[in-house]
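Order of listing sets the numbers, starting from 1, for every ligand and every atom in it. Quick caveat: nothing in here was measured; it's all calculated off a predicted structure.
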Amino acid sequence: MRDLSSELLAWYDVHAREMPWRVPPAERKAGVLPDPYAVWMSEVMLQQTTVAAVRDYHRKFLSFWPTVRDLAAAEDADVMAAWAGLGYYARARNLLKCARAVMADHGGVFPDNVEDLLTLPGVGPYTAAAVAAIAFDRSETVVDGNVERVMARLYDIHAPLPASKAELTVKAKELTPQNRPGDYAQAVMDLGATICTPRSPACGICPWRDPCAARVAGTAAELPKKTPKKKTPTRYGFVYVARRIDGAWLLETRPENGLLGGMLGWPGSDWGDDPKPDPPFEAEWAVLAEEARHTFTHFHLRLRIMTVRADADTQPMRGQFFLPDAFSPAALPTAMRKVFDLAHVTLRDD
Ligand code: SF4
């Protein structure tokens with residue numbers, strides 16, 4: 001019988017992608033394992049985000065906070081600001097909670113098995129399996145979109161996702177080796193990201209081209225099948241950009257339990273089908289011709305931007321004024337930065 005995992009590992013030995021948090025296969029074979037802290041951070045950042053986007057953020061976080069102890073002691077606002085632009089901000093809050101739990105409950109040492117990893121905030125089955133396999137060489141199966149696609153093709157499985165997830169996971173588990181499971185987990189991800197890509201798989205140079213059932217059947221490019229998604233809805237809202245005559249901007253920290261929770265943003269209304277204006281103080285607000293548009297996972301957002309020059313004695317009902325040297329637009333989440341980009345022209349210093 002063919003040893004598919006060994007064939008893939010032989011390919012990985014030559015073609016492994018370089019990542020800042022990764023130990024190359026030759027070094028791993030010599031017994032070097034990666035820093036679990038760096039692996040865990042990479043996995044949290046890579047949820048919903050591409051490797052290309054994550055590289056610089058990972059480097060930045062490791063230079064600001066080289067160890068889990070440093071991160072656990074960081075100011076929340078500094079971590080949220082450093083995360084700005086990476087999206088899905090619940091991950092940043094969980095990053096901090098998790099670092100603090102590792103310090104408080106595990107003496108600053110990351111657990112080395114799935115059961116204990118799963119007790120950490122923000123660590124679900126995928127991240128726990130990835131950290132256990134990659135950082136500790138546990139024989140755990142890591143199943144993400146790349147792995148699902150590769151399994152659907154390797155076994156020519158036509159049942160659509162998400163219903164076929166369980167079947168694809170079983171197949172992935174069957175292939176997970178006892179020998180070099182960390183490298184194997186990364187090898188399947190690399191194969192999915194570089195060769196068995198969504199639209200045009202490069203079957204001619206694939207290490208699994210001979211055993212691949214979909215390649216033989218000519219169905220690779222149409223797999224995995226997916227149950228059609230519902231149309232993404234659009235929500236609307238108002239945002240209020242106020243600048244005081246001394247140059248200060250009115251900002252507020254968004255509620256912890258909501259989208260962009262804990263991040264700095266412009267005061268605004270709720271987001272929905274028919275939002276009601278909700279200014280932070282009474283004034284002659286001017287409406288900007290252009291709306292800010294942003295797309296989150298489950299909806300498109302269109303924000304109507306209201307601007308005003310505020311008097312020196314303005315007392316807002318929400319938020320607080322930040323003088324220019326205490327506020328960096330780069331610290332805003334992307335949706336809010338788009339608002340700034342559109343609004344600041346009308347409120348710039350004369
Ligand atoms: S042969 Fe083609 S479809 Fe099959 S695993 Fe390789 S790249 Fe994917």
Those atoms of ligand 1 less than 4.0 Å from some heavy atom in R153 =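 This gives 3 (S) as the contact atoms.
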
Atom indices of ligand 1 within 4.0 angstrom of R209 heavy atoms, with elements |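 Those atoms are 1 (S).
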
Of all the non-hydrogen atoms in the protein, which one sits nearest to [atom], and at what distance?
{"atom": "atom 4 (Fe) of ligand 1", "result": "C212 SG, 2.3 Å"}
{"atom": "atom 6 (Fe) of ligand 1", "result": "C206 SG, 2.3 Å"}
{"atom": "atom 3 (S) of ligand 1", "result": "A220 CB, 3.5 Å"}
{"atom": "atom 2 (Fe) of ligand 1", "result": "C203 SG, 2.3 Å"}

Would you check if there is a donor-acceptor pair between the side chains of [Y] and [X] at a distance under 3.5 Å?
{"X": "D70", "Y": "T67", "answer": "yes"}
{"X": "Q47", "Y": "R91", "answer": "no"}
{"X": "R149", "Y": "N146", "answer": "yes"}

Between F340 and W249, how do the two ring planes meet: parallel, tilted or perpendicular, split at 30° and 60°?
->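 Judged by the thresholds at 30° and 60°, the geometry between F340 and W249 is perpendicular.
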
Is the W266 ring parallel, tilted or perpendicular to the F327 ring (thresholds 30°, 60°)?
->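 Perpendicular, since the angle between the ring planes exceeds 60°.
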
N/O/S of C196 less than 2.8 Å from atom 6 (Fe) of ligand 1?
->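 No, since none of the N, O or S atoms of C196 sits under 2.8 Å from atom 6 (Fe) of ligand 1.
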
Just by modelled atom types, is the G247 backbone N or O under 3.5 Å from a matching donor or acceptor in the R243 side chain?
->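 Yes, because the side chain of R243 sits within donor-acceptor range (under 3.5 Å) of the backbone of G247.
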
